[in-house]
Each structure stands twice: as structure tokens, then as C-alpha cells.
K.L.:
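The structure that follows is given in the form of C-alpha cells.
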Amino acid sequence: MPELPEVEVTRLSLADRIADARIVSARLGKPLRWPLGVEPSALEGRVVQGVRRRGKYLLLDLDQGLLLVHLGMSGSLNFAPTQAPVGPHDHFELVTSRGTLRLRDPRRFGAVVWVAGEDTVQAVRLLGRLGMEPLGEAFDLAAFQRGLRRRSGAIKSVLLAGDLVVGVGNIYASEVLFLAGIRPTTRASRLSAARAERLHAAIREVLARAVSQGGSTLRDFSSAHGEAGHFQLEAKVYGREGLPCRVCGTPIRSLRQGQRSTYYCPRCQRP
DNA sequence: CCATATACCTGGCAGC
DNA sequence: TGCTGCCAGGTATATG
């Protein structure tokens with residue numbers, strides 16, 4: 001579920017409220033993708049200083065070390081002064097002086113990992129190969145164009161890989177390529193400089209718009225406040241196979257790329 | 001270096 | 001109704 005917009009919406013809804021909170025206790029449920037890396041009791045007394053985001057990871061800065069949180073495919077965070085009873089899919093919990101933070105993740109592809117610092121082996125293993133951040137100054141057009149030229153694979157797959165630019169997942173990859181007018185099967189290396197520039201702009205535009213809409217709620221995503229997102233209502237192609245293109249009316253098509261569904265308009269998106 | 005397949009796990013849904 | 005098979009927002013890792 002969570003692509004960059006959902007992770008950023010989570011961060012925005014959490015950061016101010018959890019800042020300066022002191023951890024009272026930590027609890028684990030079933031195993032997540034990776035082990036926490038410390039005894040939960042070792043987190044007691046730590047203070048949450050802030051929440052950053054890198055790609056689809058949330059970084060909870062503590063006064064000693066930090067927690068790397070990934071929502072995987074089905075994860076969501078909730079932060080509230082008082083919580084409902086623990087459910088069968090609540091697999092991590094931090095009780096703090098300002099409220100209780102819970103990770104609900106039915107599929108358990110998500111993770112919470114404590115690391116002593118961002119330069120540790122474990123942190124570098126997880127964060128070290130991430131591509132450019134698409135929002136803000138770091139998303140350099142020339143570097144993006146150079147990166148695309150080096151890739152022979154389909155542009156959809158290159159976007160998903162996350163080592164050139166982070167944050168574009170399966171929903172937004174289709175949406176971004178629609179906005180840029182690019183066929184998902186086009187080889188990245190064969191995109192003209194002009195089309196690469198349109199793609200660069202489309203990535204920023206779609207992701208920023210999705211953040212402003214509170215992300216996409218397909219099944220059960222919600223912010224740490226519990227609010228659903230609305231971007232799925234304005235999706236142009238994702239999940240719309242057979243329905244008329246919102247721009248030209250041509251039926252939307254779907255195909256499989258690297259075991260993932262891709263949606264596109266055969267008329268608006270030229271190879 | 002790059003591209004692709006695989007694995008992880010649960011729940012929802014279409015089809016029979 | 002109950003079963004089976006497929007599909008789902010991600011990505012580290014192995015393999016070619």
C-alpha cells in the first residue's frame with residue numbers, strides 16, 4: 001500500500017505529536033520482516049526527537065540511535081493518546097508519554113529496526129542504495145537523465161526499482177507514466193531528453209498531489225490520525241482496465257511487468 | 001554493472 | 001456455503 005505519498009502523509013500526521021515523547025514501554029507481536037535488533041525493554045526511557053523520511057522508510061530519531069520503520073505492503077501506523085485493544089495484526093507498539101504508536105501490518109512485510117546510527121552496517125544495508133528523493137532540490141534532472149540512459153529495462157520497472165529515484169510504487173508508476181505520456185514498456189535508455197524531462201516533472205507533480213490528497217486508500221491505509229486518503233479517486237489509469245480513459249475515452253489496458261500489474265492508455269501514452 | 005525471478009505473509013474476492 | 005486459486009500498495013537477495 002504505502003508508497004512515498006502514504007509514508008509522507010504518515011510522517012506529517014505523526015511528527016509534531018510524537019516529538020519529545022518519552023518511551024515508556026515497547027512491545028512486539030509476530031515477527032516482521034526483520035528483527036528489531038534490540039530488546040524492546042532497551043528502548044524504555046528513550047526520547048523521540050523527530051520523524052524523518054527517506055524513500056519509503058520512516059526514521060524515528062531517538063536520543064540514542066534511531067528506529068527505521070517500513071510499512072511494507074500492508075502496514076499503517078497509528079498514534080493516539082489512548083488505543084483500542086491490541087488486534088491480531090498489531091505487531092509493534094511504543095507506549096510513550098504523549099500517546100501510543102502502533103504498527104498494524106497484516107502481511108508483515110513491514111519492519112521496525114533499531115540502529116545505533118545511519119552509518120551502521122544495518123542502516124547502510126537498508127538505506128544505502130536508495131535513489132534520489134523526488135520532492136525537493138535533490139531530484140537533479142541531469143542525473144535522472146543520465147541514470148535513465150544507463151538502463152535498458154522497461155521504464156516502469158526502472159521507476160519501481162527505486163535505485164534511481166525513490167518513492168514511486170506500483171500505483172504511482174502507472175499514474176506518472178500516464179501524465180508524462182510514456183508507454184510503460186518503453187526502454188528507459190531510449191527516452192529522449194525531452195521525454196525524460198517530462199517524466200521528471202510528472203513524478204514530482206503526481207507524488208506532491210497525492211501527498212496533498214492524503215495518499216491513496218485502496219484497502220485500509222490511513223494516516224497516523226486514522227484519516228483515509230483520497231488520491232485513488234482521481235487515478236487516471238491505475239485499476240481502471242477496460243474503463244474509458246479520462247482524457248480520450250480509449251479503454252485503459254493492463255499488462256504484467258515483473259509480476260506487477262501496469263495500467264496505461266494506448267492512445268495517450270506512446271511507446 | 002544490469003535485469004529478472006524469488007521469497008516473505010495474510011486476506012479478499014471471483015469462480016466453481 | 002465452502003473450497004481453490006489468484007491477486008494485492010515492497011524490496012532484499014540470489015541468479016543469470
K.L.:
Grab the CD-P distance between A/E241 and C/dC6 for me, whole Å please.
P.N.:
17 Å
K.L.:
Examine C/dA12: is either OP1 or OP2 under 4.0 Å from a nitrogen or oxygen in the side chain of A/Y57? Give yes or no.
P.N.:
yes
K.L.:
Hey, does the side chain of A/E44 reach the backbone of A/A26 with a donor-acceptor pair shorter than 3.5 angstrom?
P.N.:
no
K.L.:
Nearest whole angstrom, please: distance from the P of C/dG10 to the CG of A/D163.
P.N.:
15 Å
K.L.:
With rounding to whole Å, what would you report as the distance between C/dC3 and B/dC9 at their P atoms?
P.N.:
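Going atom to atom, P in each nucleotide, I get 23 Å.
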K.L.:
Pick base, sugar-phosphate or nothing for A/T217, based on heavy-atom distances below 4.0 Å to the nucleic acid.
P.N.:
base
K.L.:
Name the closest nucleotide to the A/S216 side chain, picking from C/dG9, C/dG10, C/dA12.
P.N.:
C/dG9
K.L.:
Quick check on DNA chain C: between A/R256 and A/L130, whose nearest nucleotide comes earlier from the 5' end?
P.N.:
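So the residue in question is A/R256.
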K.L.:
So which atom in A/E175 and which in A/Y238 form the shortest heavy-atom distance, rounded to 0.1 Å?
P.N.:
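So the minimum-distance heavy-atom pair works out to OE2-N, 2.7 Å.
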K.L.:
Determine yes or no for a side-chain-to-main-chain donor-acceptor pair under 3.5 angstrom, with A/Q259 supplying the side chain and A/R256 the backbone.
P.N.:
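The answer is no, because no donor-acceptor pair under 3.5 Å joins these two groups.
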K.L.:
Side-chain N or O of A/K56 versus OP1/OP2 of C/dT11: is the shortest distance under 4.0 Å?
P.N.:
yes
K.L.:
Side chains of A/E227 and A/S222 only: does a donor on one sit below 3.5 Å from an acceptor on the other?
P.N.:
no
K.L.:
Nearest whole angstrom, please: distance from the P of B/dC2 to the CZ of A/R149.
P.N.:
14 Å
K.L.:
Please state how far atom NZ in A/K30 lies from atom C1' in B/dT10, giving the value in whole angstrom units.
P.N.:
8 Å
K.L.:
Using a cut-off of strictly less than 4.0 Å, decide whether A/Y238 has a side-chain nitrogen or oxygen near OP1 or OP2 of C/dG9.
P.N.:
yes
K.L.:
Judged by each residue's nearest nucleotide on DNA chain B, which is more toward the 5′ side, A/S152 or A/Q259?
P.N.:
A/S152
K.L.:
Could you work out the separation of B/dT6 and C/dC6 based on their P atoms and round it to a whole Å?
P.N.:
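Pairwise P distance, B/dT6 against C/dC6, rounds to 15 Å.
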K.L.:
Once you round it to whole Å, what is the distance between P of C/dG10 and CE of A/M73?
P.N.:
6 Å
K.L.:
Taking the minimum atom-to-atom distance to the side chain of A/W34, which one of B/dT10, C/dA12, C/dG9 wins?
P.N.:
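My answer, after comparing the listed nucleotides, is C/dA12.
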K.L.:
Given B/dC1, is OP1 or OP2 found less than 4.0 Å from the side-chain N or O atoms of A/R150?
P.N.:
no
K.L.:
OP1 or OP2 of C/dA8 sitting under 4.0 Å from any side-chain N/O of A/S261?
P.N.:
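For C/dA8, OP1 or OP2 has a side-chain N or O of A/S261 closer than 4.0 Å.
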K.L.:
Let me know the distance between CZ of A/R260 and C1' of C/dG9, rounded to the nearest Å.
P.N.:
7 Å
K.L.:
Do A/S216 and A/Y172 have side-chain atoms, one donor and one acceptor, less than 3.5 Å apart?
P.N.:
yes
K.L.:
Go ahead and name the base partner of C/dG9; Watson-Crick or wobble counts if both distances stay under 3.5 Å, otherwise write none.
P.N.:
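Partner of C/dG9: none found under 3.5 Å.
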K.L.:
Mapping A/R107 and A/R129 onto DNA chain C by nearest heavy atom, which one lands closer to the 5' end?
P.N.:
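Of the two residues, A/R107 wins.
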K.L.:
Charged N to carboxylate O under 4.0 angstrom, A/R98 versus A/D20?
P.N.:
no
K.L.:
Using purine N1 to pyrimidine N3 plus N6-O4 or O6-N4 for Watson-Crick, or N1-O2 and O6-N3 for G-U wobble, each under 3.5 Å, what pairs with B/dC9?
P.N.:
none
K.L.:
On DNA chain B, does the nearest nucleotide to A/R33 precede the nearest nucleotide to A/H89 from the 5' side, or the other way round? Give the residue.
P.N.:
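Nearest-nucleotide comparison on DNA chain B picks A/R33.
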K.L.:
Taking the six-membered ring for Trp, does A/F109 stack with B/dC8 (centroid gap under 5.5 Å, planes within less than 30°)?
P.N.:
yes
K.L.:
Just the rounded figure in Å: distance from P of B/dC8 to NE2 of A/H70.
P.N.:
19 Å
K.L.:
Let me know the distance between CG of A/L218 and P of B/dG12, rounded to the nearest Å.
P.N.:
15 Å
K.L.:
Can you say whether a donor on the side chain of A/R151 sits under 3.5 Å from an acceptor on the base of B/dA3, or the other way round?
P.N.:
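Checked by distance alone, the answer is no.
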K.L.:
Is the base of C/dG9 stacked against the aromatic ring of A/F221, taking ring centres under 5.5 Å apart and planes under 30° as the test?
P.N.:
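Not stacked by the 5.5 Å and 30° rule.
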K.L.:
Does a side chain donor of either A/T96 or A/R22 reach within less than 3.5 Å of an acceptor in the other side chain?
P.N.:
no
